[in-house]
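In what follows, a single structure is set out as structure tokens and then discussed.
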2 protein chains.
Amino acid sequence: MSYEYAYPHPAVTVDVVVFTIENDELKVLLIQRDQEPFKGQWAMPGGFVGIDERLSDAAKRELKEETGVSVNFLEQFYTFGRPDRDPRERIITVAYYALLPSDQLSLAAGDDARDAQLFSTDALPALAGDHANIFRVAKQRVTERLNDDYFAFRMLPETFTMYELRRVYELFLGEVLDKRNFRKKIIALDQIEETGEKRESVRHRPARLYRVQR
Amino acid sequence: MSYEYAYPHPAVTVDVVVFTIENDELKVLLIQRDQEPFKGQWAMPGGFVGIDERLSDAAKRELKEETGVSVNFLEQFYTFGRPDRDPRERIITVAYYALLPSDQLSLAAGDDARDAQLFSTDALPALAGDHANIFRVAKQRVTERLNDDYFAFRMLPETFTMYELRRVYELFLGEVLDKRNFRKKIIALDQIEETGEKRESVRHRPARLYRVQR
DNA sequence: GCAAAAGTGTTGCTCATACACCCATGG
DNA sequence: CCATGGGTGTATGAGCAACACTTTTGC
């Protein structure tokens, strides 16, 4: 079976930059490509958009197929289309970022991927094609939106401490934030509430747990 | 001549939402389509991306071909890809906005367009397909960026008055701004300078003219 | 002289920042 | 008892919002 067109068509793919926090580090989910081009190199999960498939559905599907991970929160952030970005054919990639709590992440390498794992954003391997650039733009966009939209808790488990929430900001911004001022700002947003529970079994004073309201 | 692929490929187009200010109104540049689909309806200028063409180059080229207008300032803002947005085939559209001074705008309808003209954003005609949505998203993004990036003067001639600059903000924001506070804010940005000239031949006190620095 | 927009300062308030000490727990 | 992060309040400065009158020109 083949498909014919009166003029040349580019291929369209979606790529997903999945951010999470694990062990007090900002991490990104990468797959090791099992197919050409860039076979053996690490890359963002992604792949071709079905001819009748929504772009966001394609992003979710490819992520699921290649890594076993399901996400709810996914936003389109840029479309990469330089003519020379893929050696096979012209490929235009609509890129998404996703934020995920690390406890919802059970990895399973799948189609087109011989491996899938989290990497600290401080120590990324060499990435296939222009994926280092895609990552950079994604991180920048998420960082910008952190201050406007306060969606940092999408990278945390259902309950979390102030320290953990503050660390998300610090890891993206690359600077330390004042503990007292941070707490005041977050409380003023009126987006989270105390659960009444505390984080036990830590070798210091137990911290209050919070959850997102509603 | 025809082009064959092992699996179906969508078509990729670019559309450009051109904003300008004319006669104290916010306007957008539309073409009247001369081809199916949506023949006879008004739409944003745009068209197919060449197989070896950069996306931004395609946007500039299509705009030039269809309206005679050349722009420098062009930014990608979103990619629209719902499977049903075009009746012919799957079309994915990478959308750009452009800001242009109205004095650099001499219209000439061209390929695929029987007419090209400016419309006040308060009185848009019915638009083809999902172009009303594309317009809405573009206006929202430009409005957001007005406050961050201060590129409002890209819609004004080389010299302009404080009143004219303030009107750009007011037209996007849909609210009136305080004259004194606005002037203070703009001066503090240190982006514009006085030309020394004044806007003469108006039936009120002449206003100082400013230009962008450098 | 009248209509129309140009131009000009001060005050109060809100918000962001800077900053230091004691507390509760595990080991 | 020590190491570790948890938790708390105040003072200062910057920036934003509110607000009214005089000036200059064309008609």
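Each chain gets a letter, A, B and so on, in the order the sequences are listed, and its residues count up from 1. Since we're looking at a predicted model, the values are computed, not measured.
For the pair B:Phe182 CZ and C:dA6 P, the computed distance is 12 Å after rounding to whole Å. Rounded to an integer number of Å, the gap from NZ of A:Lys198 to C1' of D:dG6 is 9 Å. Across the protein-nucleic acid pair, A:Leu209 atom CG and D:dG6 atom P stand 11 Å apart, rounded to whole Å. Going from atom NE2 of A:His204 over to atom C1' of D:dC1 covers 18 Å, rounded to whole Å. Atom CZ of A:Arg167 is separated from atom P of D:dT4 by 15 Å (rounded to the nearest Å). At whole-Å resolution of the value, CG in B:Leu189 and P in D:dA14 are 18 Å apart. In this structure, A:Arg166 atom CZ and D:dG7 atom P are separated by 10 Å, rounded to whole Å. Rounded to an integer number of Å, the gap from B:Leu177 CG to D:dG15 P is 19 Å.
Of the two residues contacting DNA chain C, namely B:Asp178 and A:Asp178, the nearest-nucleotide position lying further toward the 5' end is that of B:Asp178.
Two rings, from B:Tyr169 and B:Phe182, have their centers less than 6.0 Å apart. The six-membered or imidazole ring of B:Tyr78 lies near that of B:Phe80, with a centre-to-centre distance under 6.0 Å.
Salt-bridge check for B:Glu164 with B:Arg199: passed, with a basic side-chain N closer than 4.0 Å to an acidic carboxylate O.
Between the side chain of A:Arg208 and the main chain of A:Phe160, no donor-acceptor pair closer than 3.5 Å is present.
Closest to the side chain of B:Asn181, from the set D:dG6, D:dA18, C:dT17, is D:dA18. When each of C:dA6, C:dT25, C:dG7 is scored by its nearest atom to the side-chain atoms of A:Pro206, the top-ranked nucleotide is C:dT25. Here the nucleotide nearest the side chain of B:Arg203, chosen from D:dC27, D:dG9, C:dG7, is D:dC27. When distances run from any side-chain atom of B:Tyr163 to the nucleotides C:dA6, C:dG26, D:dG6, the shortest one goes to C:dA6.
Between A:Arg199 and D:dT4 there is no side-chain N or O to OP1 or OP2 distance below 4.0 Å.
Heavy atoms of A:Lys179 sit under 4.0 angstrom from at least one base atom. Residue-level contact check: B:Lys184 touches the bases, meaning some heavy atom is under 4.0 Å from a base atom.
Side-chain atoms of A:Arg180 and base atoms of C:dA20 include a donor and an acceptor less than 3.5 Å apart. With hydrogens and angles left out, the side chain of B:Arg205 and the base of D:dT23 share a donor-acceptor pair within 3.5 Å.
Screening B:Phe19, B:Phe135, B:Phe172, B:Phe77 for a ring pair (Phe, Tyr, Trp, His ring centres under 6.0 Å) with B:Tyr97, the sole residue that qualifies is B:Phe77.
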